[in-house]
Amino acid sequence: MEFSALINLVFGLVGGLGIFLLGMKNMSDGMQAVAGASLRRLISIVTNNRLMATVVGIIVTCVVQSSSITTVMVVGFVNSGVMQLSQAIGVIMGANVGTTITGWILVLKIGKYGLPLLGAAAFVFLFAKRDRWRYWAMAVMGMGMVFFGLELMKDACAIIKDTPAFEQAFQRVSADNYLGVLKCAIAGCLLTTLVQSSSATLGITISLATQGVISYETAAALVLGENVGTTITAFLASLGTTTNARRTAYFHIIFNLFGVFWITLIFHWYIDLIQVIVPGDVKQAVVIDGESTFPQTTAAIAATHTVFNVVNMLIFLPFVPLFVRLLNHIVPAKNFKEKPHLTDLDIRMLETPLLAIEQSRTEIQKMGVSCAKMMTWLQTLREQDDPDKALADKLVRREQLLDSMQDEIAVFVTDLLANEVTHAVASEARQQIRIADEYESISDYILNMDKFDRRLRRNGHRFTPGQRRDLVELHQHACDYLDAVNEGLAQSNKNVLTSTETMLRRLKSEIKQLRKKHLEDLSSGEIPPLVSVAYLAVLNAYSRVRDHAENIAEAVALI
């Protein structure tokens with residue numbers, strides 16, 4: 001009999017947990033798709049204002065339904081240099097508060113309606129024509145799966161009450177003293193580490209508590225331990241990353257460990273406070289459909305989770321600068337400049353496509369800035385009588401860096417497209433691959449122009465004074481056009497093609513006139529053949545830079 005009960009228990013828990021987790025993912029994906037544009041704006045406004053960063057962390061985690069996703073995402077942002085350590089600390093503290101929304105969703109008294117909710121939303125998801133309706137349906141369908149999975153887990157946990165041997169085993173885990181609280185917290189930590197989801201362990205804990213298998217105090221201690229277990233995801237994500245990214249992951253661990261440490265010291269007083277805040281008696285059983293349950297326990301557990309994380313956040317918030325200095329001491333900077341790598345973000349960012357596409361967009365903007373710097377360096381080298389070798393080498397290294405960035409962006413965005421993404425994200429991803437290729441091509445032509453100049457110098461030639469004056473003016477106009485296109489990309493200006501049309505026409509006309517003028521000057525016979533060939537090659541290179549910049553403007557207009 002006990003073996004049969006064990007089989008039913010395992011099947012019920014595994015099946016219920018699987019549906020619960022799939023529901024959480026669907027709810028997260030649906031909400032991300034609906035609120036994608038807002039999420040991207042939120043991430044972009046994170047500043048050194050710790051309060052604003054915390055609010056952003058709360059909102060983003062409420063949408064993505066996972067503090068692990070948020071913290072891993074933050075580690076990725078810090079690793080790529082988009083977010084500073086002080087900003088990341090604020091977002092992580094907010095993420096811990098935002099993740100408590102899951103408990104309050106489970107407080108809704110719609111458990112038995114999970115299956116019809118799932119079914120109704122599935123019909124909308126399958127037959128709706130508009131994407132927005134489909135993604136709303138996906139979110140609601142996910143919520144239905146969450147409640148249906150929770151009901152399955154509750155039914156499975158009811159088997160424990162009917163089997164004395166199982167019930168006695170669970171009764172050994174009790175938070176009736178300080179040692180028991182620590183044991184429960186450690187158990188919650190290990191369980192969360194195992195399933196890699198605090199929401200899943202929260203669902204299991206609530207299922208056990210509402211069936212009376214474990215007491216509310218034990219459930220509360222388990223939930224507190226789950227806060228520590230969820231830090232393992234960010235820690236694993238930080239392995240092999242930059243110093244600041246590892247500092248971010250370590251703060252997440254310190255933040256949660258310290259919080260659980262102080263709350264366990266006052267655990268029983270804290271539990272009494274929660275029972276005062278939450279109306280109803282958590283120990284009062286109610287018979288529903290012939291089964292005895294504890295309906296107030298879910299709200300009490302959710303309140304335990306929320307109040308703890310809010311208070312812990314308020315304790316840490318004033319000391320953010322202090323923790324930045326502490327983390328700088330714990331994880332000292334390396335004695336060389338670290339280069340953030342976009343490829344490190346594959347695992348971290350692809351779970352949140354709308355934020356992943358924002359990350360790759362930021363990297364592409366860096367390519368644009370690098371091309372603008374290369375243009376400045378090119379002009380400096382061209383004007384020098386004795387070109388600075390260090391600056392020339394720097395120009396070569398930057399072109400090689402842009403080659404690598406293009407490869408990394410192509411891999412990252414291609415992996416993103418391999419996932420299930422919205423049409424808008426897929427369209428932008430394809431344009432990003434195109435833009436990265438255009439920037440890489442621009443860097444090639446900039447380097448080629450420097451090579452033409454160096455080849456002339458090696459053969460004892462220079463461009464004529466008149467040619468140099470014309471090239472200075474042409475170069476400035478090309479820089480102005482490239483800067484305008486870069487700004488259009490940074491601001492996602494769909495009208496960039498129209499707004500830069502005058503500059504584009506001027507460049508085309510200027511290059512055409514300079515080429516015509518040069519061909520007329522050849523008749524004088526004063527221009528050496530090598531100079532003539534190099535000058536025409538430079539004009540052609542400027543023409544190609546202009547064409548690639550125009551292609552970028554076209555791609556921006558299509559995003």
Side-chain angles (χ1 to χ4, degrees), residues 24 27-28 31-32 35-36 38-79 82-105 192 197-199 202 223-224 226-231 233-235 237-238 244-245 247-260 263 302-324 327 348-349 351-352 354-355 358-359:
M24 290 296 297
M27 188 161 57
S28 172
M31 292 177 72
Q32 284 182 62
S38 302
L39 273 183
R40 293 173 69 169
R41 284 195 296 271
L42 271 176
I43 291 295
S44 67
I45 65 170
V46 173
T47 64
N48 286 323
N49 184 319
R50 68 194 80 164
L51 189 59
M52 176 63 72
T54 304
V55 171
V56 168
I58 293 172
I59 296 173
V60 170
T61 307
C62 285
V63 173
V64 302
Q65 288 292 299
S66 171
S67 62
S68 294
I69 289 178
T70 305
T71 50
V72 167
M73 176 186 71
V74 167
V75 168
F77 279 138
V78 174
N79 185 55
V82 175
M83 193 176 285
Q84 300 300 315
L85 179 60
S86 57
Q87 299 170 324
I89 286 175
V91 176
I92 283 176
M93 289 192 294
N96 269 37
V97 176
T99 194
T100 64
I101 190 70
T102 304
W104 292 108
I105 290 174
T192 305
S197 170
S198 59
S199 295
L202 179 65
V223 168
L224 295 176
E226 290 160 11
N227 281 274
V228 178
T230 195
T231 63
T233 312
F235 174 74
S238 73
N244 266 346
R247 287 169 181 161
T248 303
Y250 293 165
F251 171 78
H252 192 212
I253 296 170
I254 293 170
F255 178 63
N256 285 284
L257 275 175
F258 178 79
V260 172
I263 200 68
T304 303
H305 198 196
T306 301
V307 173
F308 160 67
N309 279 294
V310 169
V311 173
N312 201 37
M313 177 195 72
L314 294 175
I315 290 173
F316 269 71
L317 203 54
F319 302 107
V320 169
L322 182 65
F323 275 100
V324 170
L327 289 163
R348 300 172 180 84
M349 307 302 291
E351 286 295 319
T352 50
L354 286 149
L355 300 176
E358 181 67 19
Q359 178 61 69

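Residue numbers run from 1 in the order of the sequence given. Because the structure is predicted, anything quoted here is derived from the model rather than measured.
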TODO: Kindly give the heavy-atom pair with the smallest separation between C62 and G98, and that separation in Å.
DONE: SG-O, 3.8 Å
Open item on the list: Would you compute the distance between atom CG of L317 and atom CZ of F319 and round it to the nearest 0.5 angstrom?
Closed with: 10.0 Å
Task: CE-CZ distance between M313 and F255, expressed to the nearest 0.5 angstrom - done: 8.0 Å
- [ ] Determine yes or no for a side-chain-to-main-chain donor-acceptor pair under 3.5 angstrom, with T231 supplying the side chain and V228 the backbone.
- [x] yes
Open item on the list: Closer than 3.5 angstrom, by distance alone: can the side chain of N312 be matched with the main-chain N or O of N256 as a donor-acceptor pair?
Closed with: no
Open item on the list: Which heavy atom of T248 sits nearest to which heavy atom of A88, and what is that distance?
Closed with: CG2-CB, 3.8 Å
Task: With N227 via side chain to side chain donor-acceptor pair (under 3.5 Å) - residues at least two apart - done: N309
Open item on the list: Between V320 and I89, is the side chain to side chain contact (heavy atoms under 4.5 Å, CB included) condition met? List the steps.
Closed with: CA-CA 7 Å; V320 169; I89 286 175; 4.0 Å; yes
Task: Test side chain to side chain donor-acceptor pair (under 3.5 Å) applied to T54 - qualifying residues, sequence neighbours left out - done: none
Task: Set of ring pair (Phe, Tyr, Trp, His ring centres under 6.0 Å) partners for F323, sequence neighbours left out - done: F251, F316
- [ ] Please round to the nearest 0.5 Å and tell me the distance separating atom OG1 of T192 and atom CD of E226.
- [x] 4.5 Å
Task: Contacts of V55 that satisfy side-chain contact (heavy atoms from CB on, under 4.5 Å) - sequence neighbours left out - done: I59
- [ ] Mind checking side chain to side chain donor-acceptor pair (under 3.5 Å) for T230 and listing every partner two or more places apart, or none if nothing turns up?
- [x] S68
- [ ] Check the pair I263 / L224 against side chain to side chain contact (heavy atoms under 4.5 Å, CB included), numbers first and verdict last.
- [x] CA-CA 9 Å; I263 200 68; L224 295 176; 3.6 Å; yes
TODO: Answer whether the closest heavy-atom distance between the side chains of N96 and H252 falls below 4.5 Å.
DONE: yes
